[in-house]
Amino acid sequence: MSSPARRITLKDLARELGVSTATVSNAFNRPDQLSPALRERILGEAKRLGYRGPDAKARSLRTGRSRIIAVILAESLTYSLNDAVSSEFLSGVAEVLDTQGHTLLLLSARQAKCQLVDSASMADGFIVYGLMPSDELFDSLPLNASLVAVDFNVAGHPSVHIDNEPSCFEIADHALSVKSRKRPAIVNLRLTETPCNGRVTPEHILLPPERTITRARLSGFYRALEKHGLDSEQVPMWNVEENTFDVCAPVIEEILDLPDAERPDLLLCMSDRLALTALTLAEQRGLRIPDDLCLIGFDGIAEGQYRAPRLTTIRQESGDKGRLAARMILGLEPRHSRLLKTELILGETCH
DNA sequence: CCCGCGGTATTTCATCTGTT
DNA sequence: AACAGATGAAATACCGCGGG
(Lines give C-alpha, C1' and ligand atoms only; values in the text may rest on other atoms or scores of the structure.)
Protein backbone atom coordinates (compact mmCIF):
# COMPACT_ATOMS: atom_id res chain seq x y z
CA MET A 1 0.00 0.00 0.00
CA SER A 2 1.45 3.35 -0.98
CA SER A 3 0.81 6.25 1.35
CA PRO A 4 -1.13 9.12 -0.21
CA ALA A 5 1.48 10.74 -2.42
CA ARG A 6 2.39 14.14 -1.08
CA ARG A 7 3.25 16.62 -3.75
CA ILE A 8 7.01 16.72 -4.25
CA THR A 9 8.60 19.95 -3.09
CA LEU A 10 11.80 21.82 -3.73
CA LYS A 11 13.07 20.54 -0.41
CA ASP A 12 12.47 16.89 -1.38
CA LEU A 13 14.32 17.41 -4.60
CA ALA A 14 17.26 19.03 -2.83
CA ARG A 15 17.49 16.16 -0.35
CA GLU A 16 17.30 13.61 -3.18
CA LEU A 17 20.13 15.34 -5.02
CA GLY A 18 22.26 16.12 -2.00
CA VAL A 19 22.29 19.86 -2.71
CA SER A 20 20.80 22.77 -0.81
CA THR A 21 17.29 24.10 -1.39
CA ALA A 22 18.79 27.41 -2.40
CA THR A 23 20.68 25.74 -5.22
CA VAL A 24 17.56 24.04 -6.52
CA SER A 25 15.76 27.38 -6.33
CA ASN A 26 18.57 28.98 -8.28
CA ALA A 27 18.47 26.21 -10.88
CA PHE A 28 14.92 27.28 -11.68
CA ASN A 29 15.15 31.05 -11.23
CA ARG A 30 18.73 32.23 -11.59
CA PRO A 31 20.75 30.03 -13.93
CA ASP A 32 23.76 32.35 -13.57
CA GLN A 33 24.12 31.34 -9.92
CA LEU A 34 25.28 27.80 -10.58
CA SER A 35 27.21 25.78 -13.14
CA PRO A 36 25.35 24.58 -16.24
CA ALA A 37 26.26 21.00 -15.43
CA LEU A 38 24.71 21.08 -11.97
CA ARG A 39 21.71 22.91 -13.31
CA GLU A 40 21.15 20.22 -15.93
CA ARG A 41 21.41 17.56 -13.28
CA ILE A 42 18.86 19.32 -11.08
CA LEU A 43 16.39 19.98 -13.89
CA GLY A 44 16.78 16.42 -15.15
CA GLU A 45 16.06 14.94 -11.75
CA ALA A 46 13.15 17.32 -11.28
CA LYS A 47 11.57 16.10 -14.49
CA ARG A 48 12.18 12.50 -13.53
CA LEU A 49 10.51 12.94 -10.15
CA GLY A 50 7.70 15.02 -11.56
CA TYR A 51 8.57 18.30 -9.83
CA ARG A 52 6.93 21.08 -11.84
CA GLY A 53 8.93 23.98 -10.47
CA PRO A 54 8.67 26.31 -7.45
CA ASP A 55 5.22 26.76 -5.99
CA ALA A 56 3.73 30.14 -6.77
CA LYS A 57 2.06 30.63 -3.40
CA ALA A 58 5.22 29.87 -1.48
CA ARG A 59 7.19 32.11 -3.76
CA SER A 60 4.96 35.10 -3.20
CA LEU A 61 4.92 34.34 0.51
CA ARG A 62 8.66 34.80 0.51
CA THR A 63 9.05 37.60 -2.03
CA GLY A 64 5.96 39.57 -1.16
CA ARG A 65 5.23 39.82 -4.87
CA SER A 66 2.82 37.94 -7.07
CA ARG A 67 3.27 39.47 -10.53
CA ILE A 68 -0.45 40.08 -10.43
CA ILE A 69 -1.82 43.51 -11.23
CA ALA A 70 -5.41 44.21 -10.28
CA VAL A 71 -7.73 46.47 -12.20
CA ILE A 72 -10.54 47.75 -10.04
CA LEU A 73 -13.49 48.56 -12.26
CA ALA A 74 -16.30 50.93 -11.43
CA GLU A 75 -18.78 48.81 -13.35
CA SER A 76 -19.62 45.12 -13.22
CA LEU A 77 -17.24 42.67 -14.86
CA THR A 78 -19.87 41.79 -17.46
CA TYR A 79 -20.38 45.39 -18.48
CA SER A 80 -16.67 46.13 -18.51
CA LEU A 81 -15.87 43.20 -20.76
CA ASN A 82 -18.66 44.00 -23.17
CA ASP A 83 -18.38 47.77 -23.39
CA ALA A 84 -16.18 48.84 -26.27
CA VAL A 85 -14.40 51.58 -24.36
CA SER A 86 -13.53 49.67 -21.21
CA SER A 87 -12.68 46.42 -23.01
CA GLU A 88 -10.27 48.33 -25.21
CA PHE A 89 -8.75 49.84 -22.10
CA LEU A 90 -8.37 46.40 -20.52
CA SER A 91 -6.86 45.08 -23.69
CA GLY A 92 -4.21 47.80 -23.51
CA VAL A 93 -3.44 46.91 -19.90
CA ALA A 94 -3.25 43.21 -20.75
CA GLU A 95 -0.92 43.83 -23.67
CA VAL A 96 1.70 45.43 -21.42
CA LEU A 97 1.30 42.90 -18.61
CA ASP A 98 1.68 40.08 -21.15
CA THR A 99 5.00 41.33 -22.39
CA GLN A 100 6.26 41.95 -18.86
CA GLY A 101 5.41 38.53 -17.44
CA HIS A 102 2.60 39.78 -15.26
CA THR A 103 -1.00 38.70 -15.09
CA LEU A 104 -4.27 40.50 -14.70
CA LEU A 105 -6.81 40.29 -11.91
CA LEU A 106 -10.17 41.88 -12.64
CA LEU A 107 -12.12 43.24 -9.71
CA SER A 108 -15.30 45.24 -9.65
CA ALA A 109 -16.08 47.83 -7.03
CA ARG A 110 -19.60 46.40 -7.22
CA GLN A 111 -18.46 43.16 -5.63
CA ALA A 112 -18.99 42.64 -1.94
CA LYS A 113 -16.34 44.63 -0.13
CA CYS A 114 -14.88 41.73 1.84
CA GLN A 115 -14.59 39.61 -1.28
CA LEU A 116 -12.91 42.43 -3.14
CA VAL A 117 -10.48 43.15 -0.36
CA ASP A 118 -9.51 39.49 -0.02
CA SER A 119 -8.70 39.19 -3.70
CA ALA A 120 -6.97 42.54 -3.70
CA SER A 121 -4.43 41.45 -1.12
CA MET A 122 -2.65 39.27 -3.65
CA ALA A 123 -1.99 42.03 -6.18
CA ASP A 124 1.29 43.90 -6.54
CA GLY A 125 -0.39 47.01 -7.86
CA PHE A 126 -3.75 48.54 -8.64
CA ILE A 127 -5.20 50.32 -11.60
CA VAL A 128 -8.41 52.01 -10.60
CA TYR A 129 -10.60 52.60 -13.61
CA GLY A 130 -13.38 55.17 -13.74
CA LEU A 131 -14.11 54.79 -10.08
CA MET A 132 -15.38 57.48 -7.82
CA PRO A 133 -12.89 57.52 -5.01
CA SER A 134 -14.23 56.15 -1.76
CA ASP A 135 -11.97 56.31 1.26
CA GLU A 136 -13.48 53.15 2.59
CA LEU A 137 -12.22 51.24 -0.43
CA PHE A 138 -8.75 52.71 -0.52
CA ASP A 139 -8.22 52.20 3.17
CA SER A 140 -8.80 48.52 2.67
CA LEU A 141 -6.16 48.13 -0.02
CA PRO A 142 -2.72 46.97 1.08
CA LEU A 143 -0.78 49.86 2.54
CA ASN A 144 2.00 51.20 0.32
CA ALA A 145 0.52 49.39 -2.69
CA SER A 146 1.26 51.17 -5.92
CA LEU A 147 -1.81 52.60 -7.54
CA VAL A 148 -2.66 54.44 -10.73
CA ALA A 149 -6.02 56.11 -11.15
CA VAL A 150 -7.64 56.37 -14.56
CA ASP A 151 -10.26 59.05 -15.31
CA PHE A 152 -10.28 60.11 -11.66
CA ASN A 153 -7.92 61.59 -9.14
CA VAL A 154 -6.90 59.66 -6.09
CA ALA A 155 -5.00 61.71 -3.56
CA GLY A 156 -1.36 60.80 -3.41
CA HIS A 157 -1.33 58.69 -6.56
CA PRO A 158 -0.67 59.46 -10.23
CA SER A 159 -3.53 59.43 -12.68
CA VAL A 160 -4.20 59.12 -16.40
CA HIS A 161 -6.77 61.49 -17.81
CA ILE A 162 -8.12 62.77 -21.08
CA ASP A 163 -9.03 66.36 -21.81
CA ASN A 164 -12.79 66.01 -21.42
CA GLU A 165 -13.73 69.67 -21.18
CA PRO A 166 -11.74 71.06 -24.13
CA SER A 167 -12.67 68.19 -26.42
CA CYS A 168 -16.35 68.54 -25.63
CA PHE A 169 -16.08 72.26 -26.23
CA GLU A 170 -14.44 71.60 -29.56
CA ILE A 171 -17.00 69.12 -30.84
CA ALA A 172 -19.99 71.09 -29.58
CA ASP A 173 -18.52 74.23 -31.08
CA HIS A 174 -18.20 72.39 -34.37
CA ALA A 175 -21.79 71.12 -34.15
CA LEU A 176 -23.14 74.59 -33.47
CA SER A 177 -21.02 76.19 -36.21
CA VAL A 178 -21.84 74.05 -39.23
CA LYS A 179 -25.48 75.06 -39.36
CA SER A 180 -27.85 76.95 -37.19
CA ARG A 181 -29.44 74.58 -34.72
CA LYS A 182 -32.41 75.98 -32.92
CA ARG A 183 -33.06 73.19 -30.45
CA PRO A 184 -29.91 71.63 -29.05
CA ALA A 185 -30.19 69.13 -26.21
CA ILE A 186 -27.76 67.27 -24.04
CA VAL A 187 -27.77 63.57 -23.18
CA ASN A 188 -25.78 62.93 -20.02
CA LEU A 189 -24.18 59.81 -18.73
CA ARG A 190 -24.76 59.25 -15.03
CA LEU A 191 -24.59 62.84 -13.99
CA THR A 192 -27.36 63.19 -11.44
CA GLU A 193 -26.92 62.81 -7.71
CA THR A 194 -29.78 60.31 -7.58
CA PRO A 195 -30.13 57.76 -10.40
CA CYS A 196 -32.30 59.02 -13.22
CA ASN A 197 -33.17 57.67 -16.63
CA GLY A 198 -34.99 60.50 -18.32
CA ARG A 199 -35.37 64.25 -18.42
CA VAL A 200 -33.23 66.16 -15.97
CA THR A 201 -35.34 68.71 -14.14
CA PRO A 202 -34.25 71.61 -11.93
CA GLU A 203 -34.89 69.46 -8.86
CA HIS A 204 -32.07 67.17 -9.89
CA ILE A 205 -28.74 67.84 -8.31
CA LEU A 206 -25.77 67.24 -10.59
CA LEU A 207 -22.73 65.42 -9.32
CA PRO A 208 -19.73 67.68 -8.66
CA PRO A 209 -16.74 67.46 -11.04
CA GLU A 210 -14.67 65.41 -8.60
CA ARG A 211 -17.32 62.70 -8.58
CA THR A 212 -17.70 62.19 -12.33
CA ILE A 213 -15.83 62.90 -15.54
CA THR A 214 -19.06 63.61 -17.37
CA ARG A 215 -19.35 66.84 -15.43
CA ALA A 216 -16.26 68.04 -17.30
CA ARG A 217 -17.91 67.03 -20.57
CA LEU A 218 -20.95 69.04 -19.61
CA SER A 219 -18.77 72.08 -18.90
CA GLY A 220 -17.29 71.81 -22.38
CA PHE A 221 -20.75 71.65 -23.94
CA TYR A 222 -21.90 74.63 -21.88
CA ARG A 223 -18.92 76.73 -22.86
CA ALA A 224 -19.65 76.08 -26.54
CA LEU A 225 -23.34 76.86 -26.11
CA GLU A 226 -22.52 80.15 -24.43
CA LYS A 227 -20.06 81.00 -27.18
CA HIS A 228 -22.89 80.62 -29.67
CA GLY A 229 -25.14 82.92 -27.67
CA LEU A 230 -27.31 80.22 -26.15
CA ASP A 231 -28.39 80.16 -22.53
CA SER A 232 -27.01 76.80 -21.45
CA GLU A 233 -29.39 76.70 -18.47
CA GLN A 234 -32.28 76.61 -20.92
CA VAL A 235 -30.92 73.72 -22.96
CA PRO A 236 -32.96 70.60 -22.17
CA MET A 237 -31.05 67.73 -20.68
CA TRP A 238 -31.65 64.02 -20.31
CA ASN A 239 -29.73 61.55 -18.21
CA VAL A 240 -28.88 57.89 -18.69
CA GLU A 241 -27.54 55.68 -15.92
CA GLU A 242 -25.82 52.96 -17.90
CA ASN A 243 -24.04 53.05 -21.22
CA THR A 244 -25.86 50.14 -22.82
CA PHE A 245 -28.44 50.06 -25.59
CA ASP A 246 -31.11 48.65 -23.30
CA VAL A 247 -30.82 51.45 -20.81
CA CYS A 248 -30.23 54.21 -23.36
CA ALA A 249 -33.10 53.27 -25.67
CA PRO A 250 -36.11 54.27 -23.53
CA VAL A 251 -34.60 57.67 -22.80
CA ILE A 252 -33.72 58.28 -26.43
CA GLU A 253 -37.22 57.19 -27.46
CA GLU A 254 -38.68 59.73 -25.05
CA ILE A 255 -36.66 62.43 -26.81
CA LEU A 256 -37.37 61.33 -30.36
CA ASP A 257 -41.09 60.93 -29.73
CA LEU A 258 -41.55 64.55 -28.69
CA PRO A 259 -43.79 66.59 -31.01
CA ASP A 260 -41.87 67.88 -34.03
CA ALA A 261 -41.78 71.44 -32.72
CA GLU A 262 -40.22 70.36 -29.44
CA ARG A 263 -37.95 67.61 -30.65
CA PRO A 264 -34.29 68.63 -30.49
CA ASP A 265 -32.46 69.06 -33.80
CA LEU A 266 -29.06 68.51 -32.19
CA LEU A 267 -28.14 65.93 -29.57
CA LEU A 268 -24.91 66.46 -27.71
CA CYS A 269 -24.28 62.94 -26.44
CA MET A 270 -21.67 62.07 -23.85
CA SER A 271 -20.88 58.70 -25.40
CA ASP A 272 -20.93 56.96 -28.74
CA ARG A 273 -23.30 54.37 -27.31
CA LEU A 274 -25.83 57.11 -26.64
CA ALA A 275 -25.33 58.63 -30.07
CA LEU A 276 -25.52 55.28 -31.84
CA THR A 277 -28.68 54.38 -29.99
CA ALA A 278 -30.15 57.70 -31.10
CA LEU A 279 -28.98 57.03 -34.64
CA THR A 280 -30.62 53.61 -34.77
CA LEU A 281 -33.89 54.75 -33.24
CA ALA A 282 -34.03 57.92 -35.35
CA GLU A 283 -33.55 55.93 -38.54
CA GLN A 284 -36.33 53.57 -37.47
CA ARG A 285 -38.59 56.61 -37.21
CA GLY A 286 -37.64 57.88 -40.65
CA LEU A 287 -35.75 60.88 -39.35
CA ARG A 288 -32.98 62.05 -41.66
CA ILE A 289 -29.49 62.34 -40.18
CA PRO A 290 -28.16 64.98 -40.04
CA ASP A 291 -30.90 67.09 -41.69
CA ASP A 292 -33.65 66.39 -39.14
CA LEU A 293 -31.37 65.46 -36.30
CA CYS A 294 -27.72 66.17 -35.82
CA LEU A 295 -25.76 63.83 -33.55
CA ILE A 296 -22.41 63.91 -31.87
CA GLY A 297 -20.87 61.27 -29.65
CA PHE A 298 -17.84 60.73 -27.52
CA ASP A 299 -15.30 57.87 -27.44
CA GLY A 300 -14.69 57.06 -31.10
CA ILE A 301 -15.56 53.37 -30.83
CA ALA A 302 -15.17 51.23 -33.95
CA GLU A 303 -18.89 50.54 -34.23
CA GLY A 304 -19.53 54.21 -34.88
CA GLN A 305 -16.93 54.41 -37.64
CA TYR A 306 -17.71 51.23 -39.57
CA ARG A 307 -21.27 52.16 -40.48
CA ALA A 308 -23.03 54.76 -42.54
CA PRO A 309 -23.44 57.50 -41.63
CA ARG A 310 -20.21 57.60 -39.66
CA LEU A 311 -20.52 59.14 -36.26
CA THR A 312 -19.08 62.58 -35.62
CA THR A 313 -17.31 62.14 -32.34
CA ILE A 314 -14.26 62.58 -30.16
CA ARG A 315 -11.86 59.70 -30.25
CA GLN A 316 -10.13 58.79 -27.06
CA GLU A 317 -7.43 56.16 -27.26
CA SER A 318 -8.59 53.78 -24.58
CA GLY A 319 -5.93 51.26 -25.51
CA ASP A 320 -3.22 53.88 -24.99
CA LYS A 321 -4.79 54.73 -21.66
CA GLY A 322 -4.52 51.13 -20.57
CA ARG A 323 -0.98 50.70 -21.85
CA LEU A 324 0.15 53.87 -20.09
CA ALA A 325 -1.50 52.96 -16.79
CA ALA A 326 0.06 49.51 -16.88
CA ARG A 327 3.48 50.88 -17.71
CA MET A 328 3.23 53.34 -14.84
CA ILE A 329 2.29 50.58 -12.41
CA LEU A 330 5.24 48.47 -13.51
CA GLY A 331 7.61 51.41 -13.23
CA LEU A 332 8.33 51.51 -16.96
CA GLU A 333 6.97 55.03 -17.02
CA PRO A 334 7.51 57.90 -14.59
CA ARG A 335 4.90 57.91 -11.87
CA HIS A 336 3.36 61.27 -12.51
CA SER A 337 -0.06 62.21 -13.80
CA ARG A 338 -0.62 62.39 -17.52
CA LEU A 339 -3.23 63.95 -19.75
CA LEU A 340 -3.85 62.14 -23.03
CA LYS A 341 -4.91 63.91 -26.19
CA THR A 342 -8.18 63.24 -27.94
CA GLU A 343 -9.08 63.77 -31.58
CA LEU A 344 -12.13 65.24 -33.27
CA ILE A 345 -13.53 62.86 -35.87
CA LEU A 346 -15.70 64.52 -38.46
CA GLY A 347 -18.21 61.90 -39.52
CA GLU A 348 -21.53 62.34 -41.28
CA THR A 349 -23.94 62.72 -38.41
CA CYS A 350 -23.37 66.41 -37.99
CA HIS A 351 -22.90 68.75 -40.89
C1' DC B 1 2.93 31.19 21.78
C1' DC B 2 5.45 29.34 18.46
C1' DC B 3 6.28 26.16 14.84
C1' DG B 4 6.36 24.95 10.05
C1' DC B 5 4.28 25.24 5.41
C1' DG B 6 7.51 25.95 0.47
C1' DG B 7 10.00 28.81 -1.09
C1' DT B 8 13.71 33.23 -2.13
C1' DA B 9 17.18 37.17 -1.16
C1' DT B 10 21.34 37.98 0.84
C1' DT B 11 25.34 36.88 3.05
C1' DT B 12 28.98 33.73 3.92
C1' DC B 13 32.02 30.08 2.90
C1' DA B 14 35.10 26.92 0.37
C1' DT B 15 37.73 26.16 -3.73
C1' DC B 16 40.04 27.18 -7.70
C1' DT B 17 43.21 30.34 -10.55
C1' DG B 18 46.66 33.15 -11.43
C1' DT B 19 50.40 36.36 -10.00
C1' DT B 20 54.43 37.87 -7.83
C1' DA C 1 54.93 30.16 -0.74
C1' DA C 2 51.75 33.58 -0.03
C1' DC C 3 47.83 35.80 -1.24
C1' DA C 4 44.17 38.26 -3.94
C1' DG C 5 40.21 37.67 -6.66
C1' DA C 6 36.80 35.00 -8.98
C1' DT C 7 33.53 31.61 -8.77
C1' DG C 8 30.04 28.19 -7.37
C1' DA C 9 27.29 26.58 -3.75
C1' DA C 10 25.58 26.55 0.93
C1' DA C 11 23.89 28.76 5.22
C1' DT C 12 20.81 31.84 7.10
C1' DA C 13 16.91 34.62 7.88
C1' DC C 14 12.51 35.45 6.73
C1' DC C 15 7.57 35.84 4.61
C1' DG C 16 1.95 35.48 6.84
C1' DC C 17 -0.98 32.52 8.84
C1' DG C 18 -3.35 28.46 10.63
C1' DG C 19 -3.04 24.73 13.84
C1' DG C 20 -1.02 22.06 17.82
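Remember, it's a predicted structure, so these values are computed and weren't measured experimentally. Naming: A, B, ... by sequence-line order, numbering from 1 per chain. In what follows, every heavy atom counts, from backbone to side chain, and hydrogens, waters and symmetry copies are set aside.
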Using atom [atom1] of [X] as one end and atom [atom2] of [N] as the other, report the distance to the nearest whole Å.
X       : N      : atom1 : atom2 : value
A:Asp12 : B:dG7  : CG    : C1'   : 12 Å
A:Arg65 : B:dT8  : CZ    : C1'   : 10 Å
A:Lys57 : B:dT8  : NZ    : C1'   : 16 Å
A:Arg30 : B:dG7  : CZ    : C1'   : 13 Å
A:Asn26 : B:dT8  : CG    : P     : 8 Å
A:Asp32 : C:dA6  : CG    : P     : 16 Å
A:Arg59 : C:dG16 : CZ    : P     : 18 Å

Please determine whether a side-chain nitrogen or oxygen atom of [X] lies at a distance below 4.0 Å from atom OP1 or OP2 of [N].
X       : N      : result
A:Tyr51 : B:dG7  : yes
A:Ser35 : C:dA9  : yes
A:Thr21 : B:dG7  : no
A:Ser20 : C:dA11 : no

Hey, any chance A:Tyr79 and A:Ile127 share a hydrophobic cluster, counting ILVMFWY side chains that come within less than 4.5 Å of each other, even indirectly?
no
Starting at the 5' end of DNA chain B and moving along, which residue's nearest nucleotide shows up first, A:Gln33 or A:Lys11?
A:Lys11
With distance as the sole criterion, is a donor-acceptor pair present between the side chains of A:Thr23 and A:Asn26 under 3.5 Å?
no
Look at the side chain of A:Thr23 and decide which nucleotide, out of B:dG7, C:dA9, B:dT10, has an atom nearest to it.
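Given the options B:dG7, C:dA9, B:dT10, the side chain of A:Thr23 is closest to C:dA9.
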How is A:Leu34 classified with respect to the nucleic acid when contacts are heavy atoms under 4.0 Å: base, sugar-phosphate, or nothing?
sugar-phosphate
Just checking A:Val24: base, sugar-phosphate only, or nothing, at a heavy-atom cut-off of under 4.0 Å?
nothing
Just how far is it from atom OG1 of A:Thr342 to atom CD of A:Glu170, taken to the nearest 0.5 Å?
7.0 Å
Pair A:Phe169 + A:Phe221: ring centers closer than 6.0 Å:
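Not under 6.0 Å, so no.
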Tell me whether the NZ or CZ atom of A:Arg273 lies within the 45° cone about the ring axis of A:Phe245 and under 6.0 Å from its centre.
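The answer is no, since A:Arg273 fails at least one limit relative to A:Phe245.
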